[in-house]
Amino acid sequence: MAGRRAVAATGLALVVSLVGCRANPGRPSAEGASGSPRTAAEALEQAVRRLGSVTSYQASVAVSTVVGSKKKHLSGEVASRTKDQAVQYDVPSSTTDDPGSSAVLLGDRLYIKNFRLLEVIHKPWIGFSLSAVKPADTDVMAWVAQVRQPDPLLHARMFTASKDVHLVGRETTGGRPATRYQGTFALSEALTKLGPAERTEAQAVYEEFGTTPYFEVWIDDQHLIRKIGLVVRRGTKRRLNATMNYSIYDTPVTITPPAPNEVKNLTTPAGMPV
């Protein structure tokens, strides 16, 4: 089970720098423009409000995990459309033994692509309804969590649970000026900021790695998150490091289901060959 969840978590991110002087949690922001946040906590609240109105985002995601002696690292590209909660997550091939994978979430339908499926079902995609997923279908729950977790609004809401978030300073990320903040949060408190489905998925991703994630977040002058870094540790044998870089907001994205003749539709996801 731990191995499965670790694989799922690899849709999430890579380690970010842990350096930077800590300031007091309520330290005023260096920004003096009208409407700029006065505290780090206010900056997060402003980001939550702004992200709540975005129509789409695109991001690069990188993740590394350690579970016991097993280490994994993956990176991918995510595109998401808000109006119908559509998400596409592409993980390119990294080695000759790893053909890569894709996941497309459209409404109640989840499609998963991996060329290893050709050896089993002779089609590159499988598809099924999320309404058929049961709590015991842990592989599927992990896939759904992986696809949805890069959502910047979800993270911004979790970060508002932080009691020690503080300003680090002004930096440039992705060619854009932004303000960098650092902090930690209790996972149990952060989960209360989410809806029931989001809570279950976030718990599935993070809980096995630790209960007090460390985060860094870069917020631009339009209150949009441009970069997130997360580090979650449980001792020396379980660790998740992640980065998410958000390059584009509010630009139309095309997310469509795979061609029907390439999909093996399953009535139940239990025992799916992925």
Side-chain angles (χ1 to χ4, degrees), residues 4-5 7-13 51-63 74-94 98-154 195-198 200-202 204-205 244-274:
R4 290 175 179 172
R5 288 185 177 175
V7 171
T10 37
L12 269 181
L51 290 165
S53 66
V54 302
T55 59
S56 66
Y57 73 83
Q58 297 179 53
S60 298
V61 178
V63 174
L74 289 177
S75 59
E77 301 292 326
V78 177
S80 179
R81 187 172 60 219
T82 304
K83 65 178 181 180
D84 56 354
Q85 300 298 305
V87 185
Q88 182 165 337
Y89 197 139
D90 296 315
V91 177
S93 173
S94 58
D98 179 10
S101 63
S102 293
V104 173
L105 181 61
L106 282 167
D108 185 54
R109 300 290 295 177
L110 177 65
Y111 302 92
I112 298 173
K113 178 182 182 180
N114 188 307
F115 284 106
R116 290 196 181 99
L117 294 173
L118 287 169
E119 303 173 2
V120 182
I121 60 175
H122 311 296
K123 291 188 177 183
W125 292 85
I126 58 172
F128 51 85
S129 171
L130 294 184
S131 60
V133 177
K134 299 179 175 59
D137 297 327
T138 54
D139 286 327
V140 183
M141 297 294 289
W143 268 102
V144 174
Q146 172 179 320
V147 170
R148 287 179 170 158
Q149 279 304 298
D151 185 348
L153 176 57
L154 180 147
E198 295 171 324
T200 298
E201 292 161 8
V205 170
M244 289 154 276
N245 289 281
Y246 300 89
S247 57
I248 301 174
Y249 284 100
D250 292 327
T251 296
V253 296
T254 300
I255 302 173
T256 57
N261 63 349
E262 294 185 349
V263 180
K264 172 67 174 178
N265 288 301
L266 305 179
T267 56
T268 172
M272 65 178 187
V274 296

Chemist: One pair to check against side-chain contact (heavy atoms from CB on, under 4.5 Å): S101 and K113. What are the steps and the verdict?
Modeler: CA-CA 5 Å; S101 63; K113 178 182 182 180; over 6 Å; no
Chemist: If you measure from OG1 on T256 to CD on Q88, what distance do you get to the nearest 0.5 Å?
Modeler: 7.0 Å
Chemist: Shortest non-hydrogen contact from V104 to I255?
Modeler: CG1-CG2, 3.9 Å
Chemist: How close do L106 and A86 get, counting heavy atoms only, and between which atoms?
Modeler: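 For L106 versus A86, the nearest heavy atoms are CD2-CB, 3.5 Å.
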Chemist: Starting at CD1 of I112, measure out to CD1 of I126 and round the result to the nearest 0.5 Å.
Modeler: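 The CD1 atom of I112 sits 4.5 Å away from the CD1 atom of I126.
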Chemist: Would you find a donor on one side and an acceptor on the other, under 3.5 Å apart, between the side chain of E198 and the backbone of G195?
Modeler: yes
Chemist: If you draw a 6.0 Å radius around NZ in K264, do more than 12 non-hydrogen atoms from other residues or ligands fall strictly inside?
Modeler: no
Chemist: Check M244 against V61 and note the closest heavy-atom contact, atom names and distance.
Modeler: CG-CG2, 3.9 Å
Chemist: Are Y57 and D151 side-chain neighbours, meaning at least one heavy-atom pair lies under 4.5 Å?
Modeler: yes
Chemist: So, for S56 and T251, which heavy atoms are closest and what is the spacing to 0.1 Å?
Modeler: OG-O, 2.7 Å
Chemist: Taking the side chain as every heavy atom from C-beta outward, state whether N265 and R109 have any atom pair closer than 4.5 Å.
Modeler: yes
Chemist: Carefully, step by step, assess L105 and R148 under the rule side-chain contact (heavy atoms from CB on, under 4.5 Å).
Modeler: CA-CA 9 Å; L105 181 61; R148 287 179 170 158; 3.4 Å; yes
Chemist: Testing the basics here: between V205 and Q149, what is the closest heavy-atom pair and its distance to 0.1 Å?
Modeler: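 Heavy-atom minimum between the residues: CG2-CG, 3.5 Å.
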Chemist: Go through W125 and S102 one step at a time and tell me if the side-chain contact (heavy atoms from CB on, under 4.5 Å) criterion holds.
Modeler: CA-CA 9 Å; W125 292 85; S102 293; 4.0 Å; yes
Chemist: For residues L266 and F128, report the shortest heavy-atom separation together with the two atoms involved.
Modeler: O-CB, 3.5 Å
Chemist: Distance from Q58 atom CD to Y249 atom OH, nearest 0.5 Å?
Modeler: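 The distance works out to 11.0 Å.
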